[in-house]
K.L.:
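First the structure, which I've put down as structure tokens, then a few questions once you've had a look.
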Amino acid sequence: MSRRSTTLRTLSVSALLVVALAACGEAGSSGTEASDGSSSTASGTVCEPVAGDQLVVLEDDKHLQTVDNIIPAANAAAVADQPEVLELLDTVSAALDTDTLISLNKAVDVDRQTSSQVALQFVEDQGLGATSTPGTGTSLVVGAANFSESTTLAEIYAAVLRTAGYDVTVQTVDARETYLPALESGQLSVFPEYVGTLTEFLNKEINGPDAEPLASGDLDTTVAALRELGAEKGLTFGEPSSAQDQNAFAVTTAFAEEHDVSTLSELAEACPGGITLGAGPECPERAFCEPGLEETYGLDITNFVNLDVGGPLTKAALLQGEIVLGLVFSSDGQLG
């Protein structure tokens with residue numbers, strides 16, 4: 001399950017702690033006794049959770065996760081005579097990386113600014129305004145999914161396009177099942193999309209629900225597949241940004257510093273005796289989650305705590321020292 005198919009609201013640290021105390025009980029109630037440090041067994045060091053006030057994502061250095069970079073998607077007919085549209089949106093892609101996306105999400109989800117305010121400030125700070133107005137007299141509709149990150153990205157697209165003279169409206173649509181047909185039909189002109197998620201959505205639509213996956217941890221290969229699939233649906237795409245909103249695994253900064261880990265491979269080396277993992281209920285069966293951590297990285301998951309998918313329960317359990325590793329989203333504003 002991914003953030004691109006659900007609506008989330010990031011909570012402040014203090015709110016997360018309240019949720020954790022209410023839902024998780026006292027430290028150790030999940031079956032692990034929180035402590036600063038680790039213990040040894042015959043199989044090696046067992047790493048115990050370390051509570052903290054900040055989270056950090058561990059690098060997926062063996063590419064377990066499918067890429068999900070932000071990419072401008074457009075109705076091919078709507079932009080056929082307006083090549084400047086994707087050229088302008090490509091400047092947005094060039095200005096976005098994951099750290100920047102985290103800061104944008106933090107401004108909206110944590111600091112409570114509006115997506116429109118954040119977008120205008122970003123466009124100004126990055127100098128993304130057009131130098132000419134080729135869009136004068138042309139109307140465009142930028143679509144957004146019903147969660148804050150998508151809304152902010154749509155507002156950024158709209159702000160940049162307006163500087164080129166386009167008459168732009170932003171329209172929020174609930175789910176991909178609703179907005180993708182609108183993009184294909186031309187009711188929506190452009191949309192901020194996610195490379196891996198959209199590739200597999202189109203793959204299953206075109207090639208059937210049991211189609212061999214085309215999205216992978218390789219960005220170039222996945223984008224090539226996306227462009228080919230999109231062409232069958234009347235879609236075209238700009239350049240992907242380096243910013244990703246993908247499934248990721250986080251620890252507290254206190255844990256990372258204590259064990260000197262920044263990647264999942266280093267975590268496996270530091271904790272050969274096992275760790276406690278927290279995530280949504282599907283994690284033990286999903287290849288990208290518990291099975292993948294064990295098979296790809298050799299991590300020993302000695303205890304799994306059923307929480308949520310990148311949501312407040314998982315983040316609270318990490319902060320409170322209930323779990324060592326938690327499934328989050330890589331662009332979560334809570335990481336900023």
Side-chain angles (χ1 to χ4, degrees), residues 1-2 27-28 30-52 54-68 98-99 196 213 215-219 244-310 313-332 334-335:
M1 186 173 185
S2 78
S30 62
T32 62
E33 186 64 33
S35 67
D36 292 344
S38 58
S39 59
S40 296
T41 69
S43 59
T45 301
V46 178
C47 289
E48 301 291 349
V50 180
Q54 191 173 355
L55 304 178
V56 61
V57 165
L58 297 182
E59 180 187 348
D60 178 20
D61 53 305
K62 293 185 178 179
H63 307 293
L64 172 62
Q65 304 302 323
T66 297
V67 294
D68 243 345
T98 302
D99 286 342
S216 69
D218 185 286
L219 179 60
Q244 293 206 66
D245 181 353
Q246 63 180 161
N247 294 311
F249 292 96
V251 296
T252 62
T253 53
F255 180 94
E257 291 167 1
E258 180 172 318
H259 293 277
D260 192 25
V261 297
S262 61
T263 70
L264 288 169
S265 290
E266 290 173 348
L267 178 66
E269 291 174 5
C271 306
I275 62 167
T276 299
L277 170 67
E282 296 175 334
C283 178
E285 308 300 327
R286 293 293 179 92
F288 73 87
C289 204
E290 185 174 346
L293 290 172
E294 293 176 332
E295 294 168 15
T296 301
Y297 287 100
L299 273 164
D300 184 6
I301 310 300
T302 55
N303 193 18
F304 174 76
V305 183
N306 186 355
L307 296 166
D308 54 17
V309 182
L313 292 178
T314 296
K315 289 180 283 187
L318 283 164
L319 294 168
Q320 283 291 94
E322 290 281 338
I323 58 177
V324 168
L325 191 68
L327 178 63
V328 299
F329 298 115
S330 62
S331 64
D332 193 324
Q334 191 74 32
L335 301 172

K.L.:
How long is the span from the OG1 atom in Thr45 to the CG atom in Asp300, to the nearest 0.5 Å?
P.N.:
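It comes to 12.0 Å.
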
K.L.:
In the structure I gave you, are the side-chain heavy atoms of Phe249 and Val328 within less than 4.5 Å of one another anywhere?
P.N.:
no

K.L.:
Say you draw a straight line from CD of Glu258 to CD of Glu48; how long is it, rounded to the nearest 0.5 Å?
P.N.:
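Glu258 CD to Glu48 CD: 10.5 Å, rounded to 0.5 Å.
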
K.L.:
Leu58 vs Leu264, test: side-chain contact (heavy atoms from CB on, under 4.5 Å). Steps then yes/no.
P.N.:
CA-CA 6 Å; Leu58 297 182; Leu264 288 169; 4.1 Å; yes

K.L.:
Is a donor on one side and an acceptor on the other found under 3.5 Å between the side chain of Thr98 and the backbone of Ser331?
P.N.:
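Looks like no, no N/O pair under 3.5 Å.
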
K.L.:
Grab the two heavy atoms, one from Cys283 and one from Leu277, that are nearest each other, plus how far apart they are.
P.N.:
SG-CD2, 3.8 Å

K.L.:
Is a donor on one side and an acceptor on the other found under 3.5 Å between the side chain of Ser330 and the backbone of Gln246?
P.N.:
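Pair found, side chain donor or acceptor close to backbone of Gln246.
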
K.L.:
Just to verify, which of Leu318, Leu325, Leu267 counts as forming a side chain to side chain contact (heavy atoms under 4.5 Å, CB included) with Phe255?
P.N.:
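The single option meeting the side chain to side chain contact (heavy atoms under 4.5 Å, CB included) with Phe255 is Leu267.
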
K.L.:
Taking all non-hydrogen atoms of both residues into account, name the closest pair between Cys47 and His259 and its distance.
P.N.:
SG-CE1, 3.6 Å

K.L.:
For residues Phe304 and Gly280, report the shortest heavy-atom separation together with the two atoms involved.
P.N.:
CZ-O, 3.3 Å

K.L.:
Hey, what do you get for CG (Leu319) to CD (Gln54), rounding to the nearest 0.5 Å?
P.N.:
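Result: 9.5 Å between the selected atoms.
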
K.L.:
I'd like to check Glu282 versus Cys289 (side-chain heavy atoms, cut-off strictly below 4.5 Å). Are they in contact?
P.N.:
no

K.L.:
Can you name the closest pair of heavy atoms from Leu327 and Ala279 and give their distance?
P.N.:
CB-CB, 3.7 Å

K.L.:
Can you tell me if Asp308 uses its side chain to pair, donor with acceptor, with the backbone of Thr314 under 3.5 Å?
P.N.:
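Pair found, side chain donor or acceptor close to backbone of Thr314.
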
K.L.:
Counting C-beta onward and ignoring hydrogens, is there a side-chain heavy-atom pair between Lys315 and Leu55 closer than 4.5 Å?
P.N.:
yes

K.L.:
Less than 4.5 Å apart, any side-chain heavy atom of Val56 and any of Val251?
P.N.:
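Of all side-chain heavy-atom pairs linking Val251 with Val56, at least one is under 4.5 Å.
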
K.L.:
If you measure from CG on Asn247 to CG on Asp68, what distance do you get to the nearest 0.5 Å?
P.N.:
8.0 Å

K.L.:
Any donor and acceptor pair, going by atom type alone, linking the side chain of Asp60 with main-chain N or O of Gln65 inside 3.5 Å?
P.N.:
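Present.
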
K.L.:
Cut-off 3.5 Å, side chains only: do Glu266 and Ser262 have a donor facing an acceptor?
P.N.:
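Checked: Glu266/Ser262 side chains pair up, N/O donor to acceptor below 3.5 Å.
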
K.L.:
Quick check: closest heavy atoms across Gly196 and Ala215, and the distance to 0.1 Å?
P.N.:
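Between these two residues, the closest heavy atoms are O-CB, 3.7 Å.
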
K.L.:
Which atom pair, heavy atoms only, marks the closest approach of Thr276 to Glu322?
P.N.:
CG2-O, 4.1 Å

K.L.:
What's the verdict on side-chain contact (heavy atoms from CB on, under 4.5 Å) for Glu294 and Ile301, showing C-alpha distance, side-chain angles and the deciding distance?
P.N.:
CA-CA 7 Å; Glu294 293 176 332; Ile301 310 300; 3.6 Å; yes

K.L.:
Could you grab the distance from atom CG of Leu299 to atom CD of Glu269, nearest 0.5 Å is fine?
P.N.:
10.5 Å

K.L.:
Show your reasoning for whether side-chain contact (heavy atoms from CB on, under 4.5 Å) applies to Phe288 and Thr296.
P.N.:
CA-CA 9 Å; Phe288 73 87; Thr296 301; over 6 Å; no

